Amino acid sequence: MKKKLIFIVLCVSTILISLLIILKTDTVNNIKSELKYSQNASYTNKNSAIIKFIIEPKCDPNFIVWIITSSADDPLYRTALRRAYPSVMLKTLNVTRIFLLGMPKEKNILKYILKESQKYNDLLQGDFLENYKNLTLKHLMGLRWASSNCRSTFLIKTDNDIVLNIFEMLELLQKKAIKENAISGYVLRKMKPIRTSNNKWFVTDEDFSDDVYPDFLSGWFYITNLKVAQLLVRASEKFKNFFWIDDVFITGILREECGIKIEELNSLYASDYRYLECCIRGKRRKLKCEFIAGPDGGKKELHIKFKEFSEYCQSSCSERMKEQLVSKTCVAAYEEKVNIINPKVQIHYI
């Protein structure tokens with residue numbers, strides 16, 4: 001009986017030790033996995049040529065490839081843009097739309113992004129963390145992917161909070177009003193680096209030593225072609241370190257390096273979302289909008305409303321006379337900005 005009891009105790013002890021070893025191994029593996037994710041998805045200065053694609057879509061041969069910087073942590077802008085311009089509509093317009101993502105800050109969001117990709121096939125995701133200092137990587141990733149995988153006449157780059165009249169833009173391109181071998185958009189000239197240390201966009205002398213940036217285009221919205229995109233990507237590979245303000249680095253520094261010209265389309269940009277709302281109100285008088293792009297002011301529904309207005313005006317509205325221009329006649333209510341500390345926001349993933 002005593003021998004039997006000793007045998008049972010030994011068996012139980014062996015099982016418990018085995019379980020502890022398994023648990024310890026799993027814990028270590030989980031920690032290693034988290035550390036690996038954390039290290040891979042940090043702010044990085046690596047060359048864009050070695051970015052790995054976590055998710056890579058197909059690129060249909062269309063007139064336009066439209067790349068949009070988006071956040072992996074917030075799918076709501078992508079939802080608004082898909083509602084404004086569904087994939088079926090874009091296909092008829094000969095446009096391929098791709099959203100550019102990094103790695104989300106929360107690892108558990110990855111499964112939702114994968115489902116979103118499987119449903120829409122419009123996500124391109126790189127192995128770097130979502131961070132404004134990684135915007136250059138994200139931007140170059142989009143240019144590299146598009147110039148290597150797409151057969152399109154034009155490339156359009158926007159941010160996901162920029163409202164776009166794609167119908168009017170297509171008309172400009174089809175009329176050949178946009179130069180093919182240039183970068184066309186909102187040109188910023190003689191801009192100076194911000195040297196105030198408590199500013200989000202603070203630039204050190206090590207980041208950028210000159211006192212004035214080269215002329216560059218706002219990343220809100222610009223138009224170019226795949227040949228130019230490829231030249232910019234190749235030029236970036238010569239730089240050991242990139243400048244983290246993507247607009248300046250890509251459409252300023254790299255553009256100058258390649259000898260690419262810029263074309264000013266500043267008059268087509270609304271500086272405030274309320275100009276776009278004034279345009280929409282002009283629908284009653286069947287007047288077109290002089291702007292084809294502008295910020296949404298955080299109002300995601302504006303993408304849908306402006307698209308509906310723009311589509312209606314393609315055939316039913318007339319051009320505004322000089323005295324009717326929205327920039328001269330728009331009256332908008334004053335909005336006080338309110339700072340909300342630690343708001344609880346519920347995000348619905350697809």
Side-chain angles (χ1 to χ4, degrees), residues 26-44 46-62 65-91 95-150 152 155-162 233 246 300 303-304 344-350:
D26 285 345
T27 303
V28 169
N29 286 338
N30 285 337
I31 290 170
K32 284 181 177 178
S33 175
E34 293 300 325
L35 284 172
K36 186 179 179 184
Y37 177 80
S38 175
Q39 289 164 358
N40 286 344
S42 62
Y43 164 52
T44 176
K46 65 185 175 182
N47 193 293
S48 66
I50 61 173
I51 294 172
K52 292 180 181 177
F53 296 145
I54 306 301
I55 297 173
E56 184 177 5
K58 292 180 180 179
C59 190
D60 297 325
N62 278 326
V65 55
W66 177 15
I67 59 172
I68 305 169
T69 53
S70 186
S71 172
D73 298 294
D74 184 1
L76 298 183
Y77 271 115
R78 297 191 291 279
T79 300
L81 282 162
R82 290 188 189 111
R83 284 184 59 199
Y85 295 105
S87 57
V88 174
M89 171 180 279
L90 290 179
K91 191 172 182 179
V95 176
T96 297
R97 176 183 57 201
I98 300 295
F99 295 98
L100 312 177
L101 312 181
M103 297 290 284
K105 294 179 177 67
E106 298 294 333
K107 188 178 179 182
N108 63 342
I109 295 175
L110 285 170
K111 60 185 178 183
Y112 298 108
I113 292 172
L114 184 59
K115 288 180 181 178
E116 185 182 349
S117 173
Q118 290 168 344
K119 184 173 182 179
Y120 296 104
N121 188 40
D122 62 2
L123 302 183
L124 175 65
Q125 184 181 36
D127 64 338
F128 51 86
L129 184 69
E130 285 291 350
N131 185 304
Y132 68 90
K133 285 206 168 184
N134 281 336
L135 283 174
T136 296
L137 271 181
K138 183 181 284 187
H139 194 156
L140 284 170
M141 174 185 74
L143 296 181
R144 179 163 67 91
W145 175 85
S147 61
S148 300
N149 294 277
C150 300
S152 303
L155 177 144
I156 291 170
K157 187 268 176 187
T158 67
D159 292 336
N160 66 1
D161 58 353
I162 295 303
V233 172
D246 63 316
K300 298 176 180 68
H303 293 268
I304 300 160
K344 293 182 179 179
V345 180
Q346 184 178 5
I347 296 176
H348 298 279
Y349 287 92
I350 296 166

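Keep in mind the model is a prediction, meaning the values are calculated, not measured. When reading the values below, keep in mind they use all heavy atoms of this one structure, side chains included, and skip hydrogens, waters and symmetry mates.
Annotation: the span from Leu123 atom CG to Ser70 atom OG amounts to 8.0 Å, rounded to 0.5 Å. If you take CG on Leu140 and CD1 on Ile51, they are separated by 7.0 Å, rounding to the nearest 0.5 Å. A distance of 10.5 Å separates OH in Tyr77 from OG in Ser71, rounded to the nearest 0.5 Å. Interatomic distance, Leu155 CG to Ile67 CD1, rounded to the nearest 0.5 Å: 4.5 Å. To the nearest 0.5 Å, the span separating NZ on Lys105 from CG on Asp73 amounts to 4.5 Å. Interatomic distance, Ile98 CD1 to Glu56 CD, rounded to the nearest 0.5 Å: 10.0 Å.
When only modelled atom types and interatomic distance are considered, Asn62 and Thr96 share a side-chain donor-acceptor pair under 3.5 Å.
In plain terms, the two heavy atoms of Val65 and Cys59 that are nearest each other are CG2-SG, 4.3 Å. Of all heavy-atom pairs spanning Pro104 and Leu110, the tightest one is CD-CD2, 3.6 Å. Across Leu124 and Met141, no two heavy atoms sit closer than the pair O-CE, 3.6 Å. The nearest pair of heavy atoms linking Ser117 to Ile55 is OG-CG2, 3.2 Å.
Taking Thr69 as the reference, Asp159 meet the side chain to side chain donor-acceptor pair (under 3.5 Å) condition, with sequence neighbours excluded. Residues satisfying the ring pair (Phe, Tyr, Trp, His ring centres under 6.0 Å) criterion with His139, sequence neighbours excluded, are Tyr222. The side chain to side chain donor-acceptor pair (under 3.5 Å) check on Thr158 picks up Trp66, with sequence neighbours excluded.
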Applying side-chain contact (heavy atoms from CB on, under 4.5 Å), run through Ile68 and Ile162 and close with a yes or a no. CA-CA 9 Å; Ile68 305 169; Ile162 295 303; over 6 Å; no

For Leu101 and Glu116: C-alpha separation, side-chain torsions, deciding distance, then whether side-chain contact (heavy atoms from CB on, under 4.5 Å) applies. CA-CA 12 Å; Leu101 312 181; Glu116 185 182 349; 5.6 Å; no

Can Asp246 and Lys138 be said to form a side-chain contact (heavy atoms from CB on, under 4.5 Å), step by step? CA-CA 9 Å; Asp246 63 316; Lys138 183 181 284 187; over 6 Å; no

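In this structure, the side chains of Tyr120 and Pro57 stay at 4.5 Å or more apart for every pair of heavy atoms.
For the pair Arg97 and Tyr85, the NZ or CZ position fails the cation-pi test of under 6.0 Å to the six-membered ring centre and within 45 degrees of the ring normal.
At distances below 3.5 Å, at least one donor-acceptor pair connects side-chain atoms of Gln125 with backbone N or O atoms of Gly102. Not a single donor-acceptor pair under 3.5 Å links the side chain of Ser148 to the backbone N or O of Trp145.
Between Arg78 and Asp122 there is no salt bridge, since none of the side-chain N atoms of the basic residue sits less than 4.0 Å from a carboxylate O of the acidic one.
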